[in-house]
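Down below is the structure, laid out as structure tokens.
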Amino acid sequence: MKELSLPHIVLIYLAFINAVTFFVYGIDKWKAKKSLWRIREASLLMLAILGGSIGAWLGMKVWHHKTQHKKFKYGVPAIIIVQLAIIANFIISKTI
């Protein structure tokens, strides 16, 4: 079996963390509607910081969740920009 290269591992991780983040935002929205125990905002933002920023943004749009909270409305897009800048830096420097 062929070993996975670092770029492949990073892509698999990013796909996984974004899928998880997307569904966690959906679960939190569902819990909000049912008046159940909620997922902490810090946990939702941490998932975005750990690489799930696209999943967080999509979750906000699809589930209409946390769209009016300033730390999410502006924070998640800011995290996306920072993460894209980091990825661009790695691509340009070819260190991946």
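- Among residue pairs with one or both ends in residues 42-59, none qualify as salt bridge (charged side-chain N to carboxylate O under 4.0 Å, His left out); sequence neighbours excluded.
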Can you give me every donor-acceptor pair (side chain of residues 64-72, partner residue at least two apart or in another chain, under 3.5 Å) with its distance?
unit_1	atom_1	unit_2	atom_2	d
H65	NE2	D28	OD2	2.7
K66	NZ	E41	OE2	3.0
K71	NZ	E41	OE1	2.9

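- Cluster partners of I9 are L4, I12, counting Ile, Leu, Val, Met, Phe, Trp and Tyr whose side-chain heavy atoms approach within less than 4.5 Å, directly or via other members.
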Could you tabulate the donor-acceptor pairs under 3.5 Å formed by side-chain atoms of residues 73-82, not counting sequence neighbours?
none

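- The salt bridge (charged side-chain N to carboxylate O under 4.0 Å, His left out) test applied to K29 returns no partner, not counting sequence neighbours.
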Identify each donor-acceptor pair in which a side-chain atom of residues 45-62 lies under 3.5 Å from a protein atom, sequence neighbours left out, and give them as a table.
unit_1	atom_1	unit_2	atom_2	d
S53	OG	Q83	OE1	2.4

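- Under the side chain to side chain donor-acceptor pair (under 3.5 Å) criterion, the residue pairs touching residues 1-26 are S5-H8, with sequence neighbours excluded.
- Clustering of Ile, Leu, Val, Met, Phe, Trp and Tyr by side-chain heavy atoms under 4.5 Å joins W30 with L36.
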